[in-house]
Amino acid sequence: MNSPLKIRGFEVHKGLLDSQAQAELVSDLRDVARAAPMRSPVTRWGKPMSVKMTSAGRLGWISDRRGYRYEPRHPDGMEWPPIPSRILALWTSVTGLERAPDCCLINYYGEGARMGLHQDNDEGDFDWPVLSVSLGDEGLFRMGNVERGGSTESVWLQSGDVVVMGGAARLAYHGVDKIRFGSSRLLPDGGRINITLRVVEA
DNA sequence: AAGTTACC
DNA sequence: GCGC
């Protein structure tokens, strides 16, 4: 009866975005990726992650041999593109917050890509919720606890689903175990996109 | 380890 | 196939 998915502050809004809204977001994200190319960052141990990522907003999340952090520039040196207005509007409508997110992290999962269980803890203030949008292929999302270990629970996220992690769920471990490559027709070449919106600075 | 692999 |  202590299921992680029941953690206060964890919300899954199934099917929040219709197919037109999804297609519009994909178009916006293509513009971002054209200005700030997707990369597979390496971890502190030099291993590239299977996910490709880029960011929009004042700050982008990066990883390299120095660790994880937010930076105002893409590794290639350009500033991150602004967060597309439709994405900001989604943040506002779902969270109801006046404060805008600083970072829109865009993760692309190709065939076989995964994301290990982790906490979002590189931000300066954990009181703000994290909002996550799934686009394209279905992904098996796993939710753990605020401490490592313990029970976990999984849910298949589909294109158009929106997840909010706030309150007790804000620092809970979470990850993506696998995607069903080719399960959606939203992206012509397959794969899953996840958008993560975060307030980074206190 | 925001990692990978192995094993049930 | 999936949880760990």
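Residue numbers start from 1 in every chain, and the chains themselves are labelled A, B, ... in the order their sequence lines are given, proteins ahead of strands.
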inquiry  = So that I can tick it off, tell me whether A:R69 and A:D64 are bridged by a salt bridge, with the cut-off set at under 4.0 angstrom between side-chain N and carboxylate O.
reply    = yes
inquiry  = Let's go through A:N107 and A:I193 carefully: what are the C-alpha distance in whole Å and the side-chain angles of both, what is the deciding distance for side chain to side chain contact (heavy atoms under 4.5 Å, CB included) to 0.1 Å, and is it a yes or a no?
reply    = CA-CA 6 Å; A:N107 288 331; A:I193 292 173; over 6 Å; no
Euclidean distance, atom CD of residue A:E138 to atom P of C:dC2 [Å, nearest integer] = 11 Å
key: Nearest listed nucleotide, side chain of A:W45, among B:dG3, C:dC4, B:dA1   = B:dA1
ask   = Do other residues, nucleotides or ligands put more than 12 heavy atoms under 6.0 Å from A:K14 NZ?
value = yes
query = Choosing from B:dT4, B:dA2, C:dC2, which nucleotide comes nearest the side chain of A:D122?
reply = B:dA2
request  = Let me know the distance between OH of A:Y173 and P of C:dC4, rounded to the nearest Å.
outcome  = 16 Å
request  = Round to a whole Å and report the spacing from CG of A:N145 to P of C:dC4.
outcome  = 10 Å
task = Specify the separation, in whole Å, of atom NE2 of A:H174 and atom P of C:dC4.
result = 17 Å
query = Rounding to a whole Å, what distance do you find between A:D177:CG and C:dC4:C1'?
reply = 9 Å
query = Charged N to carboxylate O below 4.0 Å: is that the case for A:E123 and A:R170?
reply = yes
ask   = Of all the choices, B:dA2, C:dC2, B:dT5, which nucleotide is nearest to the side chain of A:R114 once you look at every atom?
value = B:dT5
query = Base, sugar-phosphate, or nothing for A:R198, non-hydrogen atoms under 4.0 angstrom?
reply = base
note = With the side chain defined as heavy atoms from C-beta on, A:M49 is closest, among C:dC4, B:dA2, B:dT4, to B:dA2
message = Distance check, P atoms only: B:dC8 and B:dT4, in whole angstrom units.
response = 22 Å
inquiry  = Of the options B:dA2, B:dT4, C:dG3, whose atoms approach the side-chain atoms of A:S50 most closely?
reply    = B:dT4
request  = Would you mind telling me which of A:P129, A:P101, A:C103 makes a side chain to side chain contact (heavy atoms under 4.5 Å, CB included) with A:L197?
outcome  = A:P101
inquiry  = Expressed as a whole number of angstroms, how long is the span from A:M53:CE to B:dG3:C1'?
reply    = 13 Å
task = Answer yes or no: does a side-chain N or O of A:R148 lie under 4.0 Å from OP1 or OP2 of B:dA2?
result = yes
ask   = According to the interplanar angle, ranging from 0 to 90°, do the rings of A:H174 and A:F141 count as parallel (below 30°), tilted (30 to 60°) or perpendicular (above 60°)?
value = parallel
ask   = Is the shortest distance from a Lys or Arg side-chain nitrogen in A:D120 or A:R198 to a carboxylate oxygen in the other one below 4.0 Å?
value = yes
query = What integer distance in Å separates A:D120:CG from B:dA2:P?
reply = 10 Å
ask   = Can a side chain N or O of A:R44 be found less than 4.0 Å away from OP1 or OP2 on B:dA2?
value = no
Stem list, DNA chain B (Watson-Crick or G-U pairing under 3.5 Å, at least 3 consecutive pairs) = none
key: Separation of B:dA2 C1' from A:M165 CE (nearest whole Å)   = 12 Å
key: A:S154 side chain near C:dG3 phosphate (N/O to OP1/OP2, under 4.0 Å)   = yes
message = Is the shortest side-chain heavy-atom distance between A:V199 and A:D125 below 4.5 Å?
response = no
